[in-house]
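Structure first, then comments.
Naming convention: chains lettered A, B, ... in sequence-line order (proteins, then strands); numbering from 1 in each chain. Values below: all heavy atoms of this structure, side chains included; hydrogens, waters and symmetry mates excluded.
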Amino acid sequence: DGGITQSPKYLFRKEGQNVTLSCEQNLNHDAMYWYRQDPGQGLRLIYYSQIVNDFQKGDIAEGYSVSREKKESFPLTVTSAQKNPTAFYLCASSKEAGGRSREQFFGPGTRLTVL
Amino acid sequence: GQNIDQPTEMTATEGAIVQINCTYQTSGFNGLFWYQQHAGEAPTFLSYNVLDGLEEKGRFSSFLSRSKGYSYLLLKELQMKDSASYLCAVRAVTGGSYIPTFGRGTSLIVHP
């Protein structure tokens with residue numbers, strides 16, 4: 001079964017701690033994305049990667065970091081520099097054609113709560 | 001930058017038809033997507049338009065007018081399970097690549 005998985009589903013962290021959210025896909029997609037969703041807001045792009053070992057900042061990258069060492073994996077680290085990290089985090093992947101992303105497939109999301 | 005506008009909330013009756021509008025302002029437009037998202041779940045792809053006109057897929061249709069910066073999603077024969085948030089996403093050039101930007105979503109409530 002092809003798909004995209006995220007873990008954990010719920011995550012609690014103390015203020016000042018870094019935390020890493022996992023995202024894995026076996027769809028053989030080149031592009032992967034991280035979004036943040038807050039109540040009443042749309043999806044806001046944090047980082048995206050169109051190819052292994054390369055990634056680009058999205059609209060709200062401050063306080064976050066990513067890596068793309070393997071095609072299947074795109075972990076997101078929420079650092080202590082992120083001022084308001086409590087949110088629902090969604091990872092997505094898509095096929096690429098000439099830099100144009102096709103429809104995105106989303107993971108089930110990780111709900112992060114900072115205590 | 002891009003500006004994408006959708007109504008915040010809509011209500012409709014089971015069995016009826018509802019139209020959810022999306023207007024956008026962007027340079028380098030290269031396609032528009034509609035997604036459905038149930039509360040607490042991942043968005044799922046519904047439709048894609050890149051040329052003007054209507055795309056039909058079962059009970060769902062999507063329309064695009066590039067000159068007007070306007071799209072709508074049409075849901076027919078509404079069912080209770082259609083209660084969800086509907087997200088409009090516009091693909092346009094960002095740093096040399098074509099990345100979708102999402103609107104805030106329209107929360108649709110279907111009642112009996």
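A 4.5 Å side-chain heavy-atom check between A/Gln104 and B/Pro100 finds at least one atom pair inside the cut-off. Inter-residue side-chain proximity for B/Thr44 and A/Phe106 is flagged as unmet; no heavy-atom pair is nearer than 4.5 Å. In this structure, A/Glu103 and B/Tyr35 have side chains that are in contact, with non-hydrogen atoms separated by less than 4.5 Å.
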N/O donor-acceptor pairs under 3.5 Å from side chains in residues 84-92 of chain A, not counting sequence neighbours:
| unit_1 | atom_1 | unit_2 | atom_2 | d |
| --- | --- | --- | --- | --- |
| A/Thr86 | OG1 | A/Val114 | N | 3.0 |
| A/Tyr89 | OH | A/Tyr64 | OH | 2.9 |
| A/Tyr89 | OH | A/Pro85 | O | 2.8 |

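Counting non-hydrogen atoms of other residues, nucleotides and ligands closer than 6.0 Å to CG of B/Leu54 gives a total above 12. Annotation: A/Gln17, atom CD; neighbour count of heavy atoms from other residues, nucleotides and ligands within 6.0 Å is above 12. Enclosure of atom CD in B/Glu77 is not indicated, since only 12 or fewer non-hydrogen atoms of other residues, nucleotides or ligands lie within 6.0 angstrom. For NZ of A/Lys70, the number of neighbouring non-hydrogen atoms (other residues, nucleotides, ligands) closer than 6.0 Å is 12 at most.
Proximity to chain B is absent for every atom of A/Gln6, based on heavy atoms less than 4.5 angstrom apart. Contacts between B/Gln6 and chain A at a heavy-atom distance below 4.5 Å are absent for every atom of the residue. With a 4.5 Å cut-off on non-hydrogen atoms, A/Arg111 touches chain B through its side chain but not through its backbone. For A/Gln56, no part lies near chain B; criterion is any non-hydrogen pair under 4.5 Å.
The cluster map of Ile, Leu, Val, Met, Phe, Trp and Tyr, joined by side-chain heavy atoms under 4.5 Å apart, puts A/Val52 and A/Tyr33 in different clusters. Side-chain heavy atoms closer than 4.5 Å link hydrophobic residues (I, L, V, M, F, W, Y) into clusters, and following such links, possibly through other members, connects B/Phe60 to B/Leu78. Follow the hydrophobic side-chain contacts under 4.5 Å out from A/Val78 and you reach A/Met32 in the same cluster.
Here A/Phe105 is tied into one hydrophobic group with A/Leu27, each link being a pair of ILVMFWY side chains closer than 4.5 Å.
Here B/Phe33 contributes atom CZ and A/Ser94 contributes atom OG; the two are 8.0 Å apart, rounded to the nearest 0.5 Å.
The shortest non-hydrogen separation linking B/Ala42 to A/Pro108 is CB-CA, 4.2 Å.
Residues of residues 101-112 of chain B that come within less than 4.5 angstrom of chain A, heavy atom to heavy atom, are B/Phe102, B/Gly103, B/Arg104 in numerical order.
Counting only residues at least two apart or on different chains, the salt bridge (charged side-chain N to carboxylate O under 4.0 Å, His left out) pairs with a member in residues 60-71 of chain B are B/Asp52-B/Arg66.
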